[in-house]
Amino acid sequence: MMQISCPHCGPRAQNEFVYERTIDSVVALDAAPEEAMKTLFTRNNPRGVDEEIWRHTYGCRAWMVITRHRVTNEISAVRAVGPEALP
Amino acid sequence: MSRYSALSLLRGAFNGQKHWQPAWRDPEPKAHYDIIVIGGGGHGLATAYYLAKVHGLKNIAVLEKGWIGGGNTGRNTTIVRSNYRQAELHNLFEFGLKMWEHLSDELNYNVMFSPRGSLTLGHSDADMTMLAQRGDAMRCDGIDAELMTQDQVAKFEPLLDMSRSARFPIEGALIQRRGGTARHDAVAWGYARAADSLGVDIIQKCEVTGFVRDGDAVVGVETTRGRIGAGRIGICVAGNSGHVAGLAGLKLPIESQTLQAMVTEGVKPMLRSVIQTQSLHCYISQSDKGGIVFGGDPDNWPSYAQRGNPIIMEQAVAQGLALVPALSRLRMVRTWSGVTDMSFDGSPIIGETPLPNLYLNGGWCYGGFKATPASGWTYAHTLATGKPHALNAPFSLDRFERGATIDENGSGPMPNSR
């Protein structure tokens, strides 16, 4: 299990958090249908580092972006997001 | 390649069993192959075997980054069944199940297929309705399915907790008697030996690091053992499809997630079938060695780590103990994890990619092992003819943009549903 440092609550066990999707797969409200389709249904899915949206569902319920290596599970950054951070 | 038989064993008994040969060669890669299959798991080896056997192709290679059968083929719960609701899925898996029934003969290798019954429990009236619908859908396509009453379930699998105070009371079940388990390693080894004897080059410790392009078309692969040219190339690396397709610049509707399984110490026979449920996500069966094998949910977040999260293990075991309380004193001896391609509708992808000469077989979610023969058969057809077989045509990569997803029980991440 990973320990995730919530920007609001500090270090917490991973089972308080829920994964949503990667930051680059958030569909902009004014995206053209083809672009929306690509964004929604395809992923880089790297065997390395990606930026993921997680939510502290069983804690403060805030969204955050976690930069994590998908083989080692090393978390290099956690940042809070608000509506202004989304495309 | 000499045939394995009781007679050859007996003959061997008189000369100290000195007749055993390596089951497959260890060839150096050639400069060019007609078809290269990337990935030496069950699916890749089966694909190569049917390319040689059914389509008569001679110049085929399977490239494997580690050792054959060392990925998900060796990391599953060995369950074989075709009890799916969606016609596209149950027709594909049923085609495979019929092949499983003769696979040991076909390959001259004992895959230990054991059709002990695949029992899906229902815990409520709603569950029983869903099971009846699923069973009806299967029977309409000629697949065996029987609805069982509570009493029938209690007689069939006596160690289930049938009491009304059970955490998950059992109302009945749907059984597919032809479902069961098989020996996972033997599937990889059997296909490898059979493919090798038909001239397929199985090249291990050969990781693909890039694709050779001629314009859009893919004409070869860069590997850790040099450049290899190819007429057609089939990616068959479920778990790592995102990574390998990424080398060709493709983004897939797939996220890689960890799927775990675990096994207890061996005990005398206590469970006769493969137990699953309509409401929970827990698979329980007893291996031929006597260990109780548990499987559960995937970890639900992207990972290539091949090691899982104890939270999910606890969930699977808690569900298993609620169903079969007699398991509570067993000690868990081993756990393992595989990296699964979770596609966005929970169904596999077998077919063309946007790049000429490059084909994809992946997105098997947690259901790949049972499909091994059918996956190999349909993928071989696709690679040999350049066109999908009728069974894999619905599983094309472009089905998401066409809105033609095959969403069995919403079992994929389905990003459009949240």
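Owing to the predicted nature of the structure, the values given are computational and were not obtained by experimental measurement. In what follows, chains are A, B, ... by sequence order, proteins preceding strands, each numbered from 1.
- Heavy-atom contacts from other residues, nucleotides or ligands closer than 6.0 Å to CZ of A:R61 number 12 or fewer.
- Defined by atom type and a distance below 3.5 Å, a donor-acceptor pair is present between the side-chain atoms of A:Y19 and B:E255.
- Contacts of B:L252 with chain A are made by backbone atoms alone, with heavy-atom separations under 4.5 Å and no side-chain atom involved.
- Atoms CZ and CG, on B:F344 and A:L40 in that order, are 7.5 Å from each other to the nearest 0.5 Å.
- Note: A:R47 leads A:R47, A:E34, A:H69 in heavy-atom pairs under 4.5 Å with chain B.
- Counting only heavy atoms from C-beta outward, the side chains of B:W301 and A:N73 approach each other to under 4.5 Å.
- For A:E51, the CD atom counts as densely surrounded, since its 6.0 Å shell holds more than 12 non-hydrogen atoms of other residues, nucleotides or ligands.
- Looking at B:P302 and A:R68, their side chains come closer than 4.5 Å, going by heavy atoms from C-beta outward.
- Within the 4.5 angstrom heavy-atom criterion, no atom of A:S25 approaches chain B.
- Listed by chain and number, the residues in a side chain to side chain contact (heavy atoms under 4.5 Å, CB included) with A:A31 are A:V27, A:A28, A:E35, A:A36 (sequence neighbours excluded).
- In this structure, chain A has a heavy atom under 4.5 Å from the side chain of B:N240, while its backbone stays farther away.
- Residues B:A305 and A:V71 approach most closely at CB-O, 3.4 Å, considering heavy atoms.
- Interatomic distance, A:M2 CE to B:S303 OG, rounded to the nearest 0.5 Å: 8.0 Å.
- Of the listed residues (B:N300, B:I254, B:D299), the greatest number of heavy-atom pairs within a distance under 4.5 Å of chain A belongs to B:I254.
- With a 4.5 Å cut-off on side-chain heavy atoms, B:H243 and A:N45 do not count as touching.
- Counted within 6.0 Å of CZ on B:R225, heavy atoms from surrounding residues, nucleotides or ligands total more than 12; the atom is thus considered enclosed.
- Contact of A:E52 with chain B is made through the side chain alone, with heavy-atom distances under 4.5 Å.
- Atoms CZ and CG, from A:F41 and B:D345 in turn, are 8.0 Å apart once rounded to the nearest 0.5 Å.
- Proximity to chain B (any heavy atom under 4.5 Å) is restricted, for A:M37, to the side chain, taken from C-beta onward.
- Between the side chain of B:Y304 and the backbone N or O of A:T72, no donor-acceptor pair lies under 3.5 Å.
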Given B:N309 and A:Q14, is the side-chain contact (heavy atoms from CB on, under 4.5 Å) satisfied, shown in steps? CA-CA 9 Å; B:N309 192 332; A:Q14 182 202 338; 3.0 Å; yes
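- In the displayed structure, A:K38 atom NZ is contacted under 6.0 Å by at most 12 heavy atoms of other residues, nucleotides or ligands.
- With chain A as the partner, the residue from B:P253, B:G308, B:P310 showing the most heavy-atom pairs under 4.5 Å is B:P253.
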